[in-house]
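For reference, the structure is listed below as structure tokens.
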Amino acid sequence: MRSHDSSEDEPRRRAVIRIEGTSPPDPSAAAERHPTPATLPWLGPPAELESVVPVSQFLHQNSSVSLAITDVHAFSTGCEIHIKAVLHRERRSSEEWNLFIDSFHPKGHPETPVVGALDIALTLGDGRRASTLSGYGSSVQPDSDQFVLHYTSSHGSWISHEDWTVEAGLWLWPLPEPGTLFISAEWPNANVSSEQLLLDANAIHVAGRRAQSM
């Protein structure tokens, strides 16, 4: 018969190892080492309930691709522009087809960009311009008069063996002032060149002022 060990009735306790001269990590120090969009507004949206400005307009359509702007999510510090594309394989080889898909959102190093990649650009009424191929993802604050445009998200899926759909978010910082705002696309791999669409900067600015903290 197994003897009863009274120690089994005692609550189990975690072993705590203390190293002399050390202290628990400082959360604020970690935030300094790994900046977040909440602390660096040019990197992405803040913790807010955004206001949505519907767009639902095509930037371009041809036999290779349909490219559209679906909507704009406006925050107090900037806005996220949502784009959607459907790519068609046509007569591309497997290698050409893969390169075509990759050229929607080139994730390589800026010094070695994908040849013929999609470039989305925004132009303000005063002539200032920002584009995804010259996107700014640095933790160093941009110049005060510089606009920043870069990808915040991108995901795709197969519609069929011959068709691929992909959606992405583009972060524009800071929130544009009322006036004109043109968005254009150049995508050599898809035979898309200098397409331009006028966005309602007034509506985007007003919507950004309605964003609520979360």
Would a distance-only check, ignoring hydrogens and angles, find a side-chain to backbone donor-acceptor pair under 3.5 Å from Ser131 to Asp119? no
In short, Glu50 meets His73 closest at the heavy-atom pair OE2-ND1, 2.9 Å
Is it true that Val166 and Ile83 fall in one hydrophobic cluster, defined by side-chain heavy atoms closer than 4.5 Å? yes
So, the side chain of Asn62 versus the backbone of Ala190: is there a donor-acceptor pair under 3.5 Å, distance only? yes
Please determine whether residues Leu124 and Ile120 belong to a single hydrophobic cluster, defined as Ile, Leu, Val, Met, Phe, Trp and Tyr linked transitively by side-chain heavy-atom distances below 4.5 Å. yes
How close do Ala74 and Gly208 get, heavy atom to heavy atom, and via which atoms? CB-N, 3.4 Å
Rounded distance (nearest 0.5 Å) linking atom NE2 of His82 with atom OG1 of Thr70: 6.5 Å
The side chain to side chain contact (heavy atoms under 4.5 Å, CB included) partner of Ile183 among Leu198, Val55, Leu197 is Leu197
Is there side-chain contact between Arg209 and Leu175, with at least one heavy-atom pair below 4.5 Å? yes
Does His105 reach the side chain of Leu118, with side-chain heavy atoms less than 4.5 Å apart? no
So Phe147 and Leu122, do their side chains get closer than 4.5 Å, heavy atoms only? no
Min side-chain heavy-atom separation Ser76-Glu48 under 4.5 Å: yes
Report yes if some heavy atom in the side chain of Leu49 is under 4.5 Å from a heavy atom in the side chain of Met214; otherwise report no. yes
Using the ring centroid of each side chain, check whether Phe75 and Trp173 are separated by less than 6.0 Å. no
Pair Ser184-His60, side-chain contact (heavy atoms from CB on, under 4.5 Å): steps then yes or no: CA-CA 10 Å; Ser184 60; His60 190 86; over 6 Å; no
With no hydrogens and no angle check, is any side-chain donor or acceptor of Asp71 less than 3.5 Å from a backbone partner on Val52? no
Heavy-atom closest pair (Pro178 atom, Asn202 atom, distance to 0.1 Å) is CB-OD1, 2.9 Å
Note: Ala68 and Phe58 closest approach over all heavy atoms is CB-CD2, 3.9 Å
Can you tell me how far the CG atom of Leu172 sits from the CD atom of Glu80, to the nearest 0.5 Å? 11.0 Å
Got Ser160 and His88 here, is their nearest side-chain heavy-atom distance under 4.5 Å? no
Looking at OG of Ser51 and CD1 of Ile204, how far apart are the two atoms once the value is rounded to the nearest 0.5 Å? 12.0 Å
To the nearest 0.5 Å, what is the distance between OH (Tyr151) and OG1 (Thr132)? 4.5 Å
Once you round to the nearest 0.5 Å, how far does CG of Leu181 lie from OG1 of Thr123? 8.0 Å
Tell me the closest heavy-atom pair linking Asn189 and Phe100, and the distance in Å. O-CE1, 3.8 Å
On a heavy-atom basis, which atom in Val148 and which in Trp42 lie closest, and how many Å separate them? CG1-O, 3.9 Å
Flag side-chain contact, heavy atom, 4.5 Å: Leu87 against Trp97: yes
What distance separates Trp187 CH2 from Ser64 OG, expressed to the nearest 0.5 Å? 9.0 Å
Given side chains that start at C-beta, do those of Val53 and Asp200 come closer than 4.5 Å, heavy atoms only? no
Transitive ILVMFWY side-chain link Ile101 to Leu67, under 4.5 Å: yes
